[in-house]
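It should be emphasised that the depicted structure is a prediction, and the values quoted were computed from it without experimental measurement.
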Amino acid sequence: MSTAWTRKDLLGLRELSADEINLVLETADAFKQVGTREIKKVPALRGKTLVNFFVEPSTRTRTSFELAAFRLSADVINISTTTSSLTKGETLKDTARNLEALHADILVLRHSSAGAPQFLANRLKASVINAGDGAHEHPTQALLDLYTIRERRGKIAGLHVAIIGDILFSRVARSNIFGLLKLGAHVTLVGPSTLVPREFEKLGVEVSYEIDDVLPGADVVNLLRIQHERQRREYFPGIGEYVRLFGLTKQRAKLLKPDCLIMHPGPINRGVEIDSDVADGLQSVILDQVTNGLAVRMAVLYLCGGIAT
Amino acid sequence: MNQTKQNPPAAVPVMDAEAIRRALRRIAHEIAERNPRLEKVVLAGIPSRGVEIARRIAAFIREIKNVDIQTGVIDVAMHRDDVGTRPELPVVRASELPLPLEDLTVIIVDDVFYTGRTVRAAMDAINSFGRPARIQLAVLIDRGHRELPIRPDYVGKNLPTGMREQIQVRLQETDNAADAVWLEKQ
């Protein structure tokens, strides 16, 4: 390991170097092993307080951060939209300052506005971890995707990764694109032209509107959820047409190389982006992603929360 | 901790490669004497030099007793009690121990024994894997200044030091330079 971690916050993968990304992945290796012990808990963050502040609904990310914090012996408070004073008109900054007044050391923030974690990171002494902000970034999801690819394929450089679906509204796609390119993968985005504008080519990826052309050459396919809550009609004629043109059906999955990994950040819309049989098939690493998410989040909390402040 | 290992002019040599070899060989003899059932012993090194020292002791035991003793790695970084108080965060590594530990003797192996806090963290790490029959401690150098009630079972060399002095250990496999131990005054 050649680099040292110096960041109190994790806001996105765009600002991380390849060395820093690799340091997180190597640190996650060590924490993954903790999950196999009889006592799955280490004292690394004993005495620290973590606030899970989710202004947008989430089950798996919040639970994953919560369990990661427990395994590092931190204390955890969960605040969600329904229990927060934001519904009473308090501003984000005021809520955050109140959390800081309680001596929270780490703030894990999910927010519908891009840039909200950056806003707080600039104003708080506490570490701020971005757990998804608008359509901007979702760094820990991309890190766990990278970790899973590296674990299964032994490397990332040189692999061809296809990211399929709603790219425009996807923070997962953005963080994945930054991370994959930094580690030397080749990335192709696939989806309807309304959701995968050619603008993305400027980032250094390919854009395709023909899934059947891309699948045979892919080493990894990462299927993104169609975000019903963010869709408006103009982007999207209908579910039936999406499945016909871009869904990873059982039939289409036959185009994949036998060792191609099938990934999905969840929650899955079975029968939309992916057929049930494919999601549960041998090539699917969707549940490995969940397991690895825990190790990666332990690594991120350890690195950001452990540096001297 | 593991900065470049260049011998500065003020350094006092303490052990050369031959002295290190003899010290580790003697420790191997002592371990074999005190633990008649060597198949129930695991030498668990603390990264990075402790792991290499454990490997060498295991090789001497193979030579002396013709037994392949088990070895392992104990990561102490995530069990330390000073996270957040040091400028640089310790790098965490995966621990590797043979499981279950229940009827094994785990011998913690490290290069320099100082305050005892690292060994305390190592014992906590081992306990998170299970409950070994006993834990022992083997170190190449004991430099004194304990801050916890812990003592070593096997010592390569006792070296009384001042608080302002530093012990530097260099091993071929971990530092890519000839084996040596020396003392630096600050």
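Annotation: B:R37, atom CZ; neighbour count of heavy atoms from other residues, nucleotides and ligands within 6.0 Å does not exceed 12. Atom NZ of B:K65 has 12 or fewer heavy atoms from other residues, nucleotides or ligands within 6.0 Å. Counting non-hydrogen atoms of neighbouring residues, nucleotides and ligands closer than 6.0 angstrom, the CG atom of A:N122 exceeds 12 such neighbours. By the 6.0 Å contact criterion, CG on A:L282 is open, its count of non-hydrogen atoms from other residues, nucleotides or ligands being 12 or less. Within 6.0 Å of CZ in B:R55 there are more than 12 heavy atoms belonging to other residues, nucleotides or ligands. Applying the 6.0 Å contact sphere to CZ of A:R123 captures more than 12 heavy atoms from other residues, nucleotides or ligands. Within a 6.0 Å radius of CG in B:N176, other residues, nucleotides and ligands contribute 12 heavy atoms or fewer.
Note that CD of A:Q33 and OG of B:S95 are 5.0 Å apart. Values are rounded to the nearest 0.5 Å. The line from CZ of A:R46 to CZ of B:R80 is 12.5 Å long, rounded to the nearest 0.5 Å. Distance CE/B:M78 to OG/A:S73: 11.5 Å, rounded to 0.5 Å.
Closest of all the heavy-atom pairs between B:F129 and A:E38 is O-OE1, 3.7 Å. Closest non-hydrogen pair, B:V92 versus A:T27, comes out as CG2-CG2, 3.2 Å. Of all non-hydrogen atoms in A:A30 and B:A94, the two that sit nearest each other are CB-N, 3.5 Å.
Proximity to chain B is absent for every atom of A:L72, based on heavy atoms less than 4.5 angstrom apart. Contacts of B:D124 with chain A are absent, with no heavy-atom separation under 4.5 Å from either backbone or side chain.
Side-chain contact between A:I39 and B:N127 is absent, with no heavy-atom pair separated by less than 4.5 Å.
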